[in-house]
2 protein chains.
Amino acid sequence: MNENQILHYALNSFAGIDPAAFELSLPYWQKRQYGKGEFYNEYKNVCKYLGFILDGVFRTYYIDDVTADEKNVFFFSKNQVVVAYKSFVTQTPCNYYTESMTDATVLYIHINHLTQLYQQSHQWERFGRLVAETAFDLAMTRAEDLMFLSPEQRYLDLIQKHPDIFNNVPLYHIASYLGIQAPSLSRIRKRMIGK
Amino acid sequence: MNENQILHYALNSFAGIDPAAFELSLPYWQKRQYGKGEFYNEYKNVCKYLGFILDGVFRTYYIDDVTADEKNVFFFSKNQVVVAYKSFVTQTPCNYYTESMTDATVLYIHINHLTQLYQQSHQWERFGRLVAETAFDLAMTRAEDLMFLSPEQRYLDLIQKHPDIFNNVPLYHIASYLGIQAPSLSRIRKRMIGK
DNA sequence: TGACGATCTTAACTTGGGTTAAGATTATAC
DNA sequence: GTATAATCTTAACCCAAGTTAAGATCGTCA
């Protein structure tokens, strides 16, 4: 499959975007390559683009004012949307950094063009609603993991449900995502041996 | 103000629902009184109603399969929407209990009627999008609090930002919401004295 | 291959929350 | 106003994660 076919396939399975609706959007998608460590969106920047990851992994992180620690909030990987959702929706500055952790390729569309598509097409309006619901689900699941699971359970969950992330990301970034320090993750991994 | 005026005022400030659009919805709103401890929506139930709280406080909580502990997820209070959002949107069974913590009065609308309003009116469609964005914001803020703040900071935050909840809810429910046990909250409160 | 930087683990110690059960305080009902 | 239940605090002990720094391992590239 070429890149447009991959994109159409993903949009169709996600939101039932048919060939005609996809055609509508085609002039608006652009492609960008990211080197490892490049920013998709920076702190204080308004996020103006919704991206679709053809390849690579991104992370969204927060930097604590006081301790200057980085805290990983989300990972985004292949065939997923990457966006600073709240900033994108409200067009306000973002509190996070969103950075590529690997070389990456992204197809992206400007918010103005997306808004245009919303007005032109029911299918795209539906897409907008589904993105909102997906964002809610992502945030809610994150909150639930933190509320209901121990760090150890969160670790096992991540391995099981997101091997693509686990296998492409250094452990200290995993630890930060799980809400613990690197030595704690090492201890958890040691405890697991033989279980 | 009578109850319909309160509702219209809230809908107007939240989503710019004008008198005509409000009029459209009027036949669909119903009123219910809750005694303390009654359920707005139960575990495994599909949430079919979106509620607007005229008075009272509700909590949404999860029960751990293993320990049988209750974990408070959200509080909803006066002049806010109460709903099990994910269950409502997807019309799937809810993982939570949503229960009134005080006597309460709620105006509520059935999902089918709301969907009907979405189709009839742009203003109501906008309302639907804003509810989605509010739900996202609530879940994201919950996740951020758990990721970035210590239990102590979360406690101070709650007092400052949600005195209405803090003043109407027993401390052991607050502790559960903060993600700690009641004795820990006592220790935090003791530490605070003199600060 | 060997050296450097990146990553991961370990150790030793500190800190704060979990657990359990008892006791103090507050609210509520009779 | 007193009894009773609900709520809140305290104590004692345990355990997991935080912190810091050192050391082991892995990857990469000249």
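Just so you know, these numbers use all the heavy atoms, side chains as well, and skip hydrogens, waters and symmetry mates. All chains are named by letter (A, B, ...) in the order of the sequence lines, taking the proteins before the strands, and each is independently numbered beginning at 1.
What separates CG of B:Leu149 from P of C:dG17 is a distance of 13 Å, to the nearest Å.
Base engagement by B:Pro183 is indicated by at least one non-hydrogen atom pair under 4.0 Å involving a base atom. Using a 4.0 Å heavy-atom criterion, one finds that A:Arg189 contacts the sugar-phosphate atoms exclusively.
Distances shorter than 4.0 Å separate some side-chain N or O of B:Arg191 from OP1 or OP2 on C:dG17. The phosphate of C:dG18 has OP1 or OP2 within less than 4.0 Å of a side-chain N or O from B:Ser184.
A donor-acceptor contact shorter than 3.5 Å links the side chain of A:Trp124 to the backbone of A:Ala21. Listed for the A:Ser100 side chain is a donor-acceptor partner under 3.5 Å among the backbone atoms of A:Gly35. The backbone N or O of A:Leu149 sits less than 3.5 Å from a side-chain atom of A:Arg154, completing a donor-acceptor pair.
Screening A:Arg189, A:Arg191, A:Arg187, A:Lys190 for a salt bridge (charged side-chain N to carboxylate O under 4.0 Å, His left out) involving A:Glu152 leaves a single residue, A:Arg191.
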* Asked: Can you give the dot-bracket line for DNA chain C, using ( ) for pairs inside the strand, [ ] for pairs that cross earlier ones, | for pairs with another strand and . for unpaired bases, where Watson-Crick and G-U count if both distances are under 3.5 Å?
  -> |||||||.||||||||||||||.|||||||
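Screening residues 34-58 of chain A for side chain to side chain donor-acceptor pair (under 3.5 Å) gives A:Arg32-A:Glu38 as the qualifying pairs, with residues at least two apart or on separate chains. Sorted by first then second residue, the salt bridge (charged side-chain N to carboxylate O under 4.0 Å, His left out) pairs that include residues 140-150 of chain B, not counting sequence neighbours, number zero.
Relative ring orientation between A:Tyr61 and A:Tyr97 is described as parallel, the plane-to-plane angle staying below 30° on a 0-90° scale split at 30° and 60°. Using cut-offs of 30° and 60° for the angle between ring planes, the B:His110 and B:His113 rings count as perpendicular.
The side-chain heavy atoms of B:Phe166 and B:Tyr155, taken from C-beta on, include a pair separated by under 4.5 Å. Counting only heavy atoms from C-beta outward, the side chains of A:Leu54 and A:Leu107 approach each other to under 4.5 Å.
Shown here are the side chain to side chain contact (heavy atoms under 4.5 Å, CB included) partners of A:Pro170, two or more places apart in sequence or in another chain: A:Met101, A:Tyr172, A:His173.
Within a heavy-atom distance below 4.0 Å of DNA chain D, the residues of residues 156-181 of chain B found are B:Pro170, B:Leu171, B:Tyr172.
Protein chain A contacts DNA chain D from D:dA16 to D:dT20, reading 5' to 3' and using non-hydrogen atoms of the protein with a distance under 4.0 Å.
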